[in-house]
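What follows is a set of notes on a single structure, which appears directly below.
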Amino acid sequence: MVARGSVLGEARHRCAGLLTAVEVSGSFSSKRSAGFDDLAVEVRGVGPLRFPVSQAQAKQLISVAQPAHYGLGEETLLDTGVRDTWEVPKSRVKIDRRRWNKTLMPVLDGFRVDLGLPEGCRLRAELQSMLVYAPGQFFAPHQDSEKVDGMIGSLVVTLPAASRGGELVIEHAGEQATYRASRDRLSFVAFYSDCRHEIRPLQAGYRVVLTYNLMVDGDTTAGIPSTASETVEMVAATLAEHFDTPVPRPTWRRDEVDGDGDPPDRMVYLLDHEYTARALGWERVKGSDASRVAVLRAAADRAECEVALALVDVHETWSAFADDDGWYRGSRSGRWYGDEPDDVDDDSSAATSYGDDDEYELGELIDSEITLEHWIDRSGSPGAQISSEVSGDEVCMSTPSTSLRPYSSEYEPYMGNYGNTMDRWYRRGAVVVWPRRRDFEVRAEVSPEWAIGAVAARVDAREMREARALVARLSPSWDLRRVASDAPGLFTAVLRVAAGVDDPASAAVLVIPFRLEMVTADDAIDLVTLADRYGSRWFDLVVAEWARDPRPGTGGERAAWIDSLPAICSDLREAGEAGDAGASIARALVWQAWQWVEAALSRACALDAPSRRADALDTLTQYIAAVLVSTSVIGT
C-alpha cells in the first residue's frame, strides 16, 4: 500500500523527472577562437596595439592603467588580495567597430548556439573594460553582477600574447571548465553571468583582455524542443494531479483532525541558474533552464494554471563533520588550484566535475527553508517584491542545491548538546505554478499589498458584493503581521478599504491581523471613520485582537508605542470632535496600554532582589506617566 504522504510527492517527482529529461542544448560556457586581422585597437597614450602583444607594449598599457576594483553587493572595493590586475579606462580605448564586427558578430552567433539559446535570439556585446595581467596577478573566484539591464552573461576576449598560467576557470552546477589563451589567435570565452569563475595567477608573460557584457534580444523560452510535445502533455497531467491531491496532515495532528488537508495551491520548480531582480525576465532565462521553462509554461496552459518566474532564497542545515583524512580539498573561499600543465600555446578547454569544495563532510539534511522573494507573472510586467515561505509539499527540482555552490555557508562545531552542523544559503531561480481557480488566494498570500489593491478597486467601482467576496477568500490565511512592519502605508490602506466594504464582518477580517504597535497619530482620521461606520463595541473587539500578539520578545515595541500614546490620543480627540468616536477609540487604546503596564508592574514587584525590583519599577515610571497623560488628554 502507498502511504498517504507519498501520493502527493509522486506527482511532483514525476514532474521533476519529466523536466529533467527535456532535451537541452548548450553549456554554461564556451570557447571560440579567430584571427586578429579585423581587430584594430588604439589606446590613448600608447597608440595602436600590435599582435601578438609584446611585453614592452603590455608594460606601456600598465603605465596608463589603474588598479582594478571589484563589486561586492552595492560596494565597489579595491583589494589586491581578491583582485590583482590593471584596468585601462574604457575612455582611453578606441576600437574600429565596423571592422571588428566582421569577426565579432559570427562569433556571437556561434555562442548563441553554444549556450543553448534558440534561433530567434541574438547576442549583443557591450565593451566593459580592458584588463592587463602581469606575472603573479589574478582574480579570485567570484560571480559577475548584471551591470546593465538585459545582461545575461559575460564575454572575455584574450588578445594573442606569449604567457604561461592565467587560466580562466568557470564552474556551474558541479562542472568546471578551464580555458587557456593562445599565442597567435584571439581567444573568446562566453559564460552565463551567474557562473562562478576565476583567473588563476599568471606565471609568466602578460595577459591582455577585453571584457564585454552579453545581452540577449528575443525570448529565450520561446521555442519548445520538437521532441517535447508529448512531454508537455505529461507535465500538464502531473500538475493536475498535484493540485487535486490533498496534503497529508502531520502525524501529530492526525488525532485532533480527521482526514487530510486541502490540496496544495502551488508547485515551485527550482531552476539550475541563479538570477537577480535586475536580470529576471522570461526572455532572459539561461541555458538548460530555457527549454524546461518553455515546457512548463506550455503545460501550465494545458492544465489551466498561472505561472510566475521567481527568485528564491534557500537555507539548508546539514549535519556536518570535519574532514580528518588529512587531504585538503580546497579552502572555504572556494579557490581551487590544480596540477594542469601550463602550456603557452594550449588553446584547449577541459571540463571536469568537482566535489564539495570545503573541508567538511555533509551528513543528513536537518532543516530546509525556501522563501519566494521576487517574481514576474505571465504578463512580464515589472517584477514585484514578495515574501512567501515555500513548504516542502510545493517544491520540485531537477538539480538539488547540494550540486550548486552556496553564496554563504557557516559551520557550527559541536558545543555539547548542539552543533556539528553546516548552514548553507543559495539563490536560485524558480517557476511558480498555481491553478487559475486559486489565482486571487495565491497572489494575496505572496503580496498582501496586491490583495488590498484588488479589493480597493472593487470598492471604488461600487462593486460591493464582489469586494466582500474577495475578502472572504482571504480568510483564514490572511496574515499581515509578518509584512506590515516592512510595508509602509499598508496599514492605512487596509483601514480605508475596511471602511469602504461597508460590512462589519469583512472589515474585521481585513484589520484584525494587525498589531497595536502599528497604530500612529497619522491614522486618527481613518480610525475614527471605522469606529463611526461599525460602532465602538466592534472597535473595542478589534483593539483587543491587536493587543493580543503571541510573538515573543515584543515588549520593547509595546513600551515604545505606549510612549507615543499621548500624541495618538490628542489626534484622535481632534479627529472625533463631531462625535464620541475619537474618545471611544482612545479609551480602548489606553485600556490596552494599562493592561500591559499592570502586567509589567506585577512582574517587577515579584522580583526577589531589591535592586532589580527597584530598577524595573523605575523603568516603568515613564510608561505609567504616558498612560496617565493619555487619560488626561481624553478627559477620562
Side-chain angles (χ1 to χ4, degrees), residues 25-44 46-54 57-58 61 87-133 144 147-148 150-163 166-168 170 177-193 195 197 199 205-218 344-349:
S25 59
S27 178
F28 60 90
S29 67
S30 178
K31 179 178 179 177
R32 289 179 172 257
S33 63
F36 51 76
D37 292 343
D38 292 327
L39 180 56
V41 184
E42 185 175 341
V43 178
R44 181 159 48 88
V46 175
L49 296 189
R50 297 178 299 277
F51 304 123
V53 178
S54 66
Q57 197 161 50
L61 291 173
E87 182 173 10
V88 177
K90 190 166 61 173
S91 59
R92 286 182 171 270
V93 181
K94 181 180 179 181
I95 297 176
D96 185 337
R97 280 192 276 181
R98 180 173 297 182
R99 284 182 57 189
W100 179 222
N101 282 341
K102 293 178 182 178
T103 294
L104 182 61
M105 298 306 290
V107 169
L108 290 177
D109 194 50
F111 280 138
R112 177 193 64 76
V113 177
D114 297 345
L115 296 177
L117 301 176
E119 289 187 8
C121 292
R122 182 176 70 92
L123 284 174
R124 290 183 291 110
E126 178 182 278
L127 182 65
Q128 172 65 22
S129 64
M130 172 182 275
L131 302 174
V132 184
Y133 288 84
D144 289 342
K147 304 172 185 68
V148 294
M151 181 176 169
I152 196 172
S154 297
L155 170 65
V156 177
V157 182
T158 306
L159 307 186
S163 65
E167 298 89 353
L168 171 58
I170 305 170
T178 301
Y179 299 105
R180 299 179 178 86
S182 170
R183 181 198 298 269
D184 52 16
R185 291 177 64 79
L186 292 169
S187 298
F188 300 79
V189 177
F191 53 93
Y192 285 113
S193 53
C195 293
H197 57 284
I199 302 295
Y206 290 82
R207 184 176 184 267
V208 183
V209 303
L210 301 173
T211 65
Y212 288 83
N213 301 322
L214 282 181
M215 277 76 68
V216 63
D217 295 326
V344 296
D345 293 318
D346 188 358
D347 194 38
S348 64
S349 65

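Not measured: the values here are computed from a predicted model. Throughout, residue positions are numbered sequentially from 1 according to the sequence presented.
- Distance check, rounded to the nearest 0.5 Å: CZ of Phe111 to NZ of Lys31 gives 9.5 Å.
- Scanning both residues, Val107 and Arg32, for their nearest heavy atoms gives O-CD, 4.0 Å.
- Side chains of Tyr179 and Ser29: a donor on one and an acceptor on the other come within 3.5 Å.
- With hydrogens and angles disregarded, a donor-acceptor distance shorter than 3.5 Å links the side chain of Tyr192 to the backbone of Leu115.
- Distance CG/Asp217 to CZ/Arg122: 5.0 Å, rounded to 0.5 Å.
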- Determine, stepwise, if the pair Leu61 / Leu49 fulfils side chain to side chain contact (heavy atoms under 4.5 Å, CB included). CA-CA 10 Å; Leu61 291 173; Leu49 296 189; 4.0 Å; yes

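- Within a 6.0 Å radius of CD in Glu42, other residues, nucleotides and ligands contribute more than 12 heavy atoms.
- Counting only distance, with no hydrogens or angles, the side chain of Arg44 and the backbone of Lys94 share no donor-acceptor pair below 3.5 Å.
- No side-chain heavy atom of Leu108 sits under 4.5 Å from any side-chain heavy atom of Arg124.
- Side chain of Arg185 to main chain of Phe36: no donor-acceptor pair is present (N/O by atom type, distance under 3.5 Å, no hydrogens or angles).
- The shortest distance between side-chain heavy atoms of Leu123 and Leu155 does not fall below 4.5 Å.
- Contact between Gly218 and Cys121 at its shortest, heavy atoms only, is C-SG, 3.8 Å.
- Side-chain contact between Val189 and His197: absent, with no pair of heavy atoms (C-beta onward) separated by less than 4.5 Å.
- Here the CE atom belonging to Met151 is positioned 7.0 Å from the CG atom belonging to Leu214, to the nearest 0.5 angstrom.
- Under the 3.5 Å distance criterion, the side-chain polar atoms of Thr211 are matched with a main-chain donor or acceptor of Ser129.
- Contact check for Thr103 versus Leu39: no side-chain heavy atoms found under the 4.5 Å cut-off.
- For the atom pair CG (Leu210) and CG (Leu127), the distance works out to 6.0 Å, reported to the nearest 0.5 Å.
- Looking at Arg112, its side chain does come within 3.5 Å of a backbone N or O of Leu117 through a donor-acceptor pair.
- Taking a 6.0 Å sphere around NZ of Lys90, one finds it holds more than 12 heavy atoms contributed by other residues, nucleotides or ligands.
- Using cut-offs of 30° and 60° for the angle between ring planes, the Phe188 and Trp100 rings count as parallel.
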- Task: Would you check, one step at a time, whether the test side chain to side chain contact (heavy atoms under 4.5 Å, CB included) holds for Val41 with Met130?
- Result: CA-CA 11 Å; Val41 184; Met130 172 182 275; 3.9 Å; yes

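- Here the shortest heavy-atom pairing between Gly35 and Leu186 reads O-CD1, 3.3 Å.
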